[in-house]
Amino acid sequence: MTFWEELASELNRREAKLLRRTLQSVPDGALDLASNDYLGLSRHPEVIAAAQEAAARFGAGAGASRLVSGHFSLVEKLESALADFKQTEAALVFSSGYAANGGVILALSSAWPNRAIFSHKRNHASIQDACWRAAHDGRVRYFRDEARLRVQLEQEDEQHRKNMASSPAMLPNRKIIIADAVFSMDGDLCDLPALLHLAREFDALLLLDDAHGTGTLGASGRGTSEHFGLHDERIIHIGTLSKALGSQGGFVAGPRVLIDFLVNTARPFIYSTGLNPPAVGAALKSLEIIAREPQRIETLRANARFLAENLSDLGFEAPMQPSPILPVIVGDEKCALELSHRLLENGLWCRAIRPPTVPVGSSRLRIGVSAGWSDDDLARIIAGFAAQKINRR
Ligand SMILES: *Cc1c(COP(=O)(O)O)cnc(C)c1O
């Protein structure tokens, strides 16, 4: 076999298991249920105009890495708006949320050679990839729930006490807990009060990836920490500009010293071109709109509640979540693909989510609810699902 034949046979193997992925363009006229554009801001006229103005004024691209070429003034405005939004001292933007997670996790790992990372088992792939790399020169453990995390933290401290007894010059054992604030395929929230409690008790940092909560949770959309009314200097906030903010890019928000440290050590920040001006302009405008029109968040919640209730009444397993993510769990890959195809015949675009993204046997459609949907859109979604004879409980 040639190189390429081997790749083709791997793809065929996936095809046979109904696990091959393909790219598709969103069909014209279909209502998009799959997007994370929760507040409908990516198509908001003011957001589009802000992107256009930023491109006209500063260019379509940023030109180089910020440490090489500096940055245009709008970036500082966005970073200070993000810091205000997350109620931290400072913020730093990255080219994506994926890059932000890798950047901060590996930078902190390098800061403390004797550190241990505790990462939730359901964390996003960007966190898992960074943890996998961090495991090459340090301790990384995975927890399923807070009870398990407590045991792991205790074990870590116990081991450290033993090490100290034999070599008293041992460095302190820094601990970093990492969790998705909203789990992306289920829509449920992490137990932030319990995680923060453990972080305080064991003197750990808490890295909170609020990709889905940013702009959607809390009275003013600040995210999961606002939802729980919790604030602490030991929380490092990760977010994305690419979901509710309707733009593209990622960010880290926290103490000024952390941000200064990342500018010096976060490789995806240092060795990658700065965020492009249209993305910066759009995100800044979205933050302004969210502050001005918090009722969008109310609408989002009402839409999510309406769909969860109606789909459940139709017999679908569509558990209501505090977030705008509504999973419709159907079981095997075949059922999920079939439901997705049939919904498309009804003008609804919602792709099947299959293993390994979700556990075997829990293939699903994942609806990203939007505040931008009209009553007609909501009725169209319910009618589309009602027309399905399959996949009911
Ligand atoms: C989407 C997502 C990311 C990645 O953000 P991008 O800006 O799309 O790269 C990171 N973490 C979580 C939990 C996400 O859902």
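Along the sequence shown, residues carry numbers from 1. Ligands are counted one by one from 1 in listed order, and the atoms in each one are counted from 1 as well.
- The contact set between ligand 1 and A211, taken as ligand atoms under 4.0 Å from a residue heavy atom, comprises 2 (C), 11 (N), 12 (C), 13 (C), 14 (C), 15 (O).
- Residue S242 approaches ligand 1 through these ligand atoms, each under 4.0 Å from one of its heavy atoms: 7 (O).
- One side chain, E226 or S220, offers a donor N or O that lies under 3.5 Å from an acceptor on the other.
- For atom 14 (C) of ligand 1, the closest heavy atom belonging to the protein is K243 NZ, 2.8 Å.
- In summary, of the residues considered (I117, N114, L108, D203), a side-chain contact (heavy atoms from CB on, under 4.5 Å) with R174 occurs for D203 alone.
- Ring centers of F251 and F94: at least 6.0 Å apart, outside the cut-off.
- Residues W373 and I290 are members of one and the same hydrophobic cluster, defined by side-chain heavy-atom contacts under 4.5 angstrom among Ile, Leu, Val, Met, Phe, Trp and Tyr.
- The closest approach between any non-hydrogen atom of G250 and ligand 1 is not below 4.0 Å.
- Both I367 and F306 belong to a common hydrophobic cluster when Ile, Leu, Val, Met, Phe, Trp and Tyr are linked at side-chain heavy-atom distances under 4.5 angstrom.
- Taking every non-hydrogen atom of G97 and a distance limit under 4.0 Å, the qualifying atoms of ligand 1 come out as 4 (C), 5 (O), 6 (P), 7 (O), 9 (O).
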Self-check item: CA sep, side-chain torsions, deciding dist, call: R148, Y142, side-chain contact (heavy atoms from CB on, under 4.5 Å)
Solution: CA-CA 9 Å; R148 189 66 202 145; Y142 297 90; over 6 Å; no
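- For ligand 1, the atoms sitting less than 4.0 Å from at least one non-hydrogen atom of D180 are 13 (C), numbered in the order shown with element in parentheses.
- In this structure, the protein non-hydrogen atom closest to atom 3 (C) of ligand 1 is H124 CE1, 3.5 Å.
- Taking the six-membered ring where the residue is Trp, the centroids of F183 and H120 are separated by under 6.0 Å.
- Among all non-hydrogen protein atoms, the one lying nearest atom 11 (N) of ligand 1 is D209 OD2, 2.5 Å.
- Checked against R364 for a side-chain contact (heavy atoms from CB on, under 4.5 Å), the options L339, T357, V358, V328 give a single hit: V358.
- Under a 4.0 Å criterion applied to the non-hydrogen atoms of Y98, ligand 1 contributes the atoms 4 (C), 5 (O), 6 (P), 9 (O).
- The atoms of ligand 1 that sit less than 4.0 Å from any heavy atom of N101 are 10 (C), 11 (N).
- Under a 4.0 Å heavy-atom criterion, G249 is in contact with ligand 1.
- Below 4.0 Å from some heavy atom of H212 lie the following atoms of ligand 1, by number and element: 14 (C), 15 (O).
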